[in-house]
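The structure under discussion appears below in the form of structure tokens.
Quick note on labels: first sequence line is chain A, next is B, and so on, each numbered from 1.
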Amino acid sequence: MEQMQEFYDPTAVETKWQEKWAKAKLHSADLQNAKKPYYALVMFPYPSGDKLHVGHWYNFAPADSAARYTRMKGFNVFEPMGFDAFGLPAENYAIKTGVPPAQSTAKNVETMIKQLTRIGTMYDWEKLVNTSDPSYYRWTQWLFLQMYKNNLAYKKMGMVNFCPSCQTVLANEQVWEGKCERCETEVVQKPLEQWYWKITNYAQKLVDNLDQLDWPKKTKVMQQNWIGRKVGIDITYEIEGTTEKIVCFTTRPDTNFGATFIVIAPEHPFAKKVAGGELKSQGGDHASEVSTYAQQAAKKTELDRQAEGRKKTGVFTGFSAVNSLNGKKLPIWVSDFVLAGFGTGAVVGVPGHDVRDFEFATQFGIPVVRVVVASDGDTSPITSAEQVQEKEGKMINSSFLDGLDIREATVRIMDHLEENGWGKRVTTYRLRDWLISRQRYWGAPIPIVYDPEGKAHPIPEKHLPWLLPTDVEFKPTGKSPLTESKEFIARTEKIFGKGWRPEFDTMDTFVCSSFYYLRYLMPNPNPNPNPPSKKDFIDPALEKKWMPVSMYIGGPEHACMHLIYARFVMMALKDFGLVSHEEPFQRLVHQGLITNKGAKMSKSKGNVVSPDSFIDRHGSDVFRMYLMFMGPFTDGGDWSDTGIKGIDRFVQRVWRLFSSSLDEGKKSNKKVDQKDADTERALHRTIKAVTDSLERLHFNTAISSLMEFLNLLEAKGSLTPDIAKTFALLLGPLAPHLADELWEMTGGKGFVVEQSWPTFDPAMTVFDEVTVAIQVNGKLRGEVVVGANAPQEEVLNVAKAHENVQKYIEGKTLKKEIYVPGKLVSLVV
RNA sequence: GCCAUGGUGGCGGAAUUGGUAUACGCACACGCCUUAGGAGCGUGAUCCCGCAAGGGAUUGUGGGUUCGAGUCCCACCCAUGGCACCA
């Protein structure tokens, strides 16, 4: 009765252990001497002034549980943490409050470290990185210079995505459904000269390497789609009455005998020549129509195009090309359904076998020819869009291709076109080069200066870090805020000479995060390497030993941003001879999304759950276990205020059982460790179940196995010291504070995370006696208890003798008898 | 439209290879303890019929393979995520 009043006090216990862990430097990894390195990484957060939200916990706590389990399995686990500190959140906060981002960031980092510690994670704070610190961004700039040196960084004029709200350009990856990934404002197109990194050089490798990675299939497919590799052929068409040629890209040259027209994008050079009156056709002057159409098309926004739907518009140029295959004339049209940025910006129209071409042809009265037999054998003329798409079939109306399957025909025609010099096989990609310039303040300055003629020069490495000036307004105006800095310009002139100007743009924050996993391995950098050397960037021995990251955990929203940029940068670094691996993240896992009442948590919806009140009341262990218990880690789940009770009860019951049993043992000094076979077997089954669950990151079932075991122990009424110890160890990854407290109560030495993970005896996980189900004609009709190793015949006889079974088999002939050892008997009558 | 993933009680979910579907927990009902309970403990429960013993149905829908299907195959429906006038 006395023990019943004793409650587990999470706050006291958790504080006590967090202090002990810190004092023992329990989470500090010895990078140099580790024998079995295991790099456990989570995507680092940006330092926000708000409290850690449930999403952070849902990402970090289970990741930490996995890392703790791995450590107990005997690995030298390195679990670092840092801050993706440059970027819009800090800058927007500065704009609102006038507090310089450097100041607010430093403060936020401090509070977040405290919050992250409260989770009870094993972060090795000695290796902290902060991307906004000059000791970090000097390497962001150094990386830029390596890219520049190796011709992977270049500046070019072009149409770019511009967010009118953030007042900066964006990379393609950062435009989602035509909107800014950060603020969801409609993005517009602007012609600007900007810096790019040549990610397209690695397009092929980025696709090919996916095969070897242990990543979610979904993510691989997303990257594949994003890179958009397409194998096809460029076919050259001569234009009648001119010396001009048009090259069309197609993946379906097999249908080329069915071509009846050509369409080019409004931005295509030939369209410009027609519009400008440079070329005049015999059939009349179409310059004004083409130029008007091109101007209208240029004005259209993404929204206009969506509103227009698939309705085709276009104008005739007055010119025709010739299909070399059959001498047919192909009128050349201009239409905005053809994209200037894909392929060659020109398409050969085969209306019989492409829906868009069909729509265009019917819109403008262009003939439609069938060159593939329909699946139902139909060879009649095509009259509706439903008849169009044929991905299977044999060729007709196609000269030497007739009768061939479309796949054979594709190869044949490609060979034929290449042999005659009319075409060339090519591979195209959807992926565009990475635009890394940003017209924002809070980022790493691009280490470039311009001479008085405006020519770009890289800043010599000895001048790094090329410091971000502080004498600026933060308010974005579309012009880079750095243009206002007198100090920045003075500094440039002082070093490089009068009339020299610095590059005023800063780098995309995704540049900072594209290599941070390497910087964690350089915890005590030479504070001022001048000039910086390769070895200061990353120690090759450490890189070889620790990379690639063993397990990387973070949200799926980064599939086509950070996760593609980081892979590209690692590949480039390998080519520069700086690292030994091509891929940064061997295994990737996405945590699921945690919602509230089915909706994504957001401040504007006012449905954000703050962990704090729950932690104050139940403690971090209960909170993190509840998040893990909600369902599989990768699925996410919907928040519920009440469900946490179940975990709280579990923790209290564990506590009560431990304190009552262990106290009792002490007081009466009686031996309570005589083994009970049932409990012993249950213990082994529990170890097996928890181990299997943790291997699969199914924390929810690991917890339910422990609950089941606890239910059994409570029913037995006592706890032997051996079982108590193992129970504490099994709880270690899931509820680290409680586990250490229980471990201490059982007289365990050291910390739980330093102990070996419990092992089980497979022989002990099976029962002596098993319950066997009996089915008659597939329906359950009874069960019997037999010895686990009872021979088949004996079990079948017992089964057939079963009273209820008798009712169903009496007087009938047994057609089949099946015994699945230890599971069931199946009788067929 | 295309690709991917998923659909199991009132709810979150469990069920490595086809082998007793609904473990574990929440919520619920009843009981115990209590001055009290937003505490604790115990019992019950997928649904339908039945006082009960028991029977029948059931893993989105419809078929199929099998002694046996949540699991494998085919068709369809729905949900979520991604891509989308990409030639």
* Phosphate-side-chain proximity, A:Lys779 and B:A57, N/O vs OP1/OP2 below 4.0 Å -> yes
* May I ask you to say what A:Ser826 touches in the nucleic acid, namely base, sugar-phosphate or nothing, with a heavy-atom cut-off under 4.0 Å? => base
* Asked: When we call it a touch if two heavy atoms are under 4.0 Å apart, what does A:Phe261 touch: a base, just sugar-phosphate, or nothing?
  -> nothing
* To do: Using a 4.0 Å heavy-atom cut-off across all strands, classify A:Asp638 as base, sugar-phosphate, or nothing.
  => nothing
* **Centroid separation A:Phe623 to A:Trp639 less than 6.0 Å** => yes
* Asked: With a non-hydrogen cut-off below 4.0 angstrom, is A:Glu708 in contact with a base, only sugar-phosphate, or nothing?
  -> sugar-phosphate
* **Any A:Lys645 side-chain N or O less than 4.0 Å from OP1/OP2 of B:A27** => yes
* Asked: Between B:G19 and A:Lys823, is there an OP1 or OP2 to side-chain N/O distance shorter than 4.0 Å?
  -> no
* Pairing partner of B:G9 (Watson-Crick or G-U wobble, both distances under 3.5 Å) -> none
* To do: Identify whether any heavy atom of A:Lys688 sits under 4.0 Å from a base atom; if not, whether one sits that close to sugar-phosphate; answer base, sugar-phosphate or nothing.
  => base
* Asked: Which nucleotide sits closest to the side chain of A:Met222: B:A14, B:C85, B:G82?
  -> B:G82
* Asked: Nearest-Å distance, CD1 (A:Ile594) to P (B:G13)?
  -> 11 Å
* Asked: Looking only at atom P, what distance separates B:G10 and B:C2, rounded to whole Å?
  -> 34 Å
* Within a radius of less than 6.0 Å around CD of A:Gln806, do more than 12 heavy atoms belonging to other residues, nucleotides or ligands occur? -> yes
* To do: Tell me which nucleotide among B:G19, B:G54, B:A87 gets nearest to the side chain of A:Phe249.
  => B:A87
* For B:A23, give its Watson-Crick or G-U wobble partner with both distances under 3.5 Å, or none. => none
* Sugar-phosphate only, base, or nothing, as touched by A:Asn711 at under 4.0 Å among non-hydrogen atoms -> sugar-phosphate
* Nearest-angstrom distance, P atom, B:A4 to B:A57 -> 36 Å
* **Euclidean distance, atom CZ of residue A:Arg430 to atom P of B:G82 [Å, nearest integer]** => 13 Å
* A:Arg653 CZ to B:C41 P: how many Å, rounded? -> 6 Å
* To do: Quick one: label A:Val338 by what it contacts on the DNA or RNA (base, sugar-phosphate, nothing), any heavy atom closer than 4.0 Å.
  => base
* Over how many whole Å does the gap from A:Ile647 atom CD1 to B:G13 atom P extend? -> 14 Å
* Is there a side-chain contact between A:Ile703 and A:Ile647 (heavy atoms, below 4.5 Å)? -> yes
* To do: Please indicate whether A:Lys179 has more than 12 foreign heavy atoms, meaning atoms of other residues, nucleotides or ligands, lying under 6.0 Å from its NZ.
  => no
* Rounding to the closest angstrom, what is the interatomic distance between B:G6 and B:U71 at atom P? -> 13 Å
* To do: Using only side-chain N and O atoms of A:Asn700, determine if any of them is under 4.0 Å from OP1 or OP2 of B:A14.
  => yes
* Check whether more than 12 heavy atoms from other residues, nucleotides or ligands sit under 6.0 Å from atom CZ of A:Arg617, and answer yes or no. => no
* To do: Would you mind reading off the distance between A:Phe337 atom CZ and B:G1 atom P, rounded to a whole angstrom?
  => 20 Å
* Separation of the C1' atoms in B:A45 and B:A23, to the nearest angstrom -> 15 Å
* Structure fact -> Taking every heavy atom of A:Leu417 against every heavy atom of A:Pro253, the minimum-distance pair comes out as CD1-CB, 4.3 Å
* OP1 or OP2 of B:G40 under 4.0 Å from side-chain N/O of A:Arg656 -> no
* Asked: What is the base-pairing partner of B:C2, counting Watson-Crick and G-U wobble geometry with both distances under 3.5 Å?
  -> B:G82
* Give one of base, sugar-phosphate or nothing for A:Pro556, where a contact means two heavy atoms less than 4.0 Å apart. => nothing
* B:C26 and B:A14: how far apart are their C1' atoms, nearest whole angstrom? -> 15 Å
* Anti versus syn assignment for B:G9, with syn defined as within 90° of 0 -> syn
* To do: Can you tell me the pairing partner of B:U43 across any strand shown, Watson-Crick or G-U wobble, with both distances under 3.5 angstrom?
  => B:A29
* To do: Take atom P in B:G18 and the same atom in B:A84, then report the distance between them in whole Å.
  => 39 Å
* A:Lys218 side chain, from C-beta outward: closest of B:A4, B:A15, B:A87 -> B:A4
* Asked: What's the CD1-C1' distance between A:Ile703 and B:A23, to the nearest Å?
  -> 15 Å
* Asked: Using a cut-off of 4.0 Å on non-hydrogen atoms, how would the nucleic acid contact of A:Arg696 be classed: base, sugar-phosphate, or nothing?
  -> base
* Between B:G38 (P) and A:Asp641 (CG): distance, integer Å -> 17 Å
* To do: Determine the interatomic distance between P on B:A69 and the same-named atom on B:U59; round to the nearest Å.
  => 11 Å
* Asked: Reckon A:Lys815 touches a base, only the sugar-phosphate, or nothing at all at heavy-atom distances under 4.0 Å?
  -> nothing
* **Whole-Å P distance, B:C73 and B:U65** => 16 Å
* To do: Starting at atom CG of A:Asp648, determine the distance to atom P of B:G38, rounded to an integer number of angstrom.
  => 17 Å
* **Complementary nucleotide for B:U66 - Watson-Crick or wobble, under 3.5 Å** => none
* Asked: If you check every side-chain atom of A:Val347, which of B:A87, B:C85, B:G56 has the closest atom?
  -> B:A87
* To do: State which of B:G12, B:A15, B:A87 makes the closest approach to the side chain of A:Leu339.
  => B:A87
* Base, sugar-phosphate, or nothing: which does A:Val820 touch, judged by heavy atoms less than 4.0 Å apart? -> base
* Structure fact -> By the Watson-Crick or G-U definition, both distances under 3.5 Å, B:G18 is matched with none
* Short side-chain N/O contact from A:Tyr808 to OP1 or OP2 of B:G54, under 4.0 Å -> no
* Can you list the steps and then say if A:Phe337 with A:Phe360 is a ring-ring contact (aromatic ring centres under 6.0 Å, His included)? -> CA-CA 9 Å; A:Phe337 86 85; A:Phe360 192 81; 5.6 Å; yes
* Asked: For B:C51, which nucleotide in any strand shown is its Watson-Crick or wobble partner with both distances under 3.5 Å?
  -> none
* Selection from B:U5, B:G55, B:C83 that lies nearest to any side-chain heavy atom of A:Arg781 -> B:G55
* To do: Nearest-nucleotide wise, let me know which of A:Trp176 and A:Gly343 is further upstream toward the 5' end of RNA chain B.
  => A:Trp176
* Asked: Under 30°, 30 to 60°, or over 60°: which ring-plane class applies to A:Tyr58 and A:Phe633, parallel, tilted or perpendicular?
  -> tilted
* Aromatic plane relationship, A:His558 with A:His562 - under 30° parallel, 30 to 60° tilted, over 60° perpendicular -> perpendicular
* Structure fact -> Contacts of A:Glu359 and A:Asp692 projected onto RNA chain B by closest heavy atom; the upstream (5') one is A:Asp692
* To do: Name the closest nucleotide to the A:Thr250 side chain, picking from B:A15, B:A87, B:G55.
  => B:A87
* Would you please indicate yes or no on a ring centroid separation below 6.0 angstrom for A:Trp333 and A:Phe261? => no
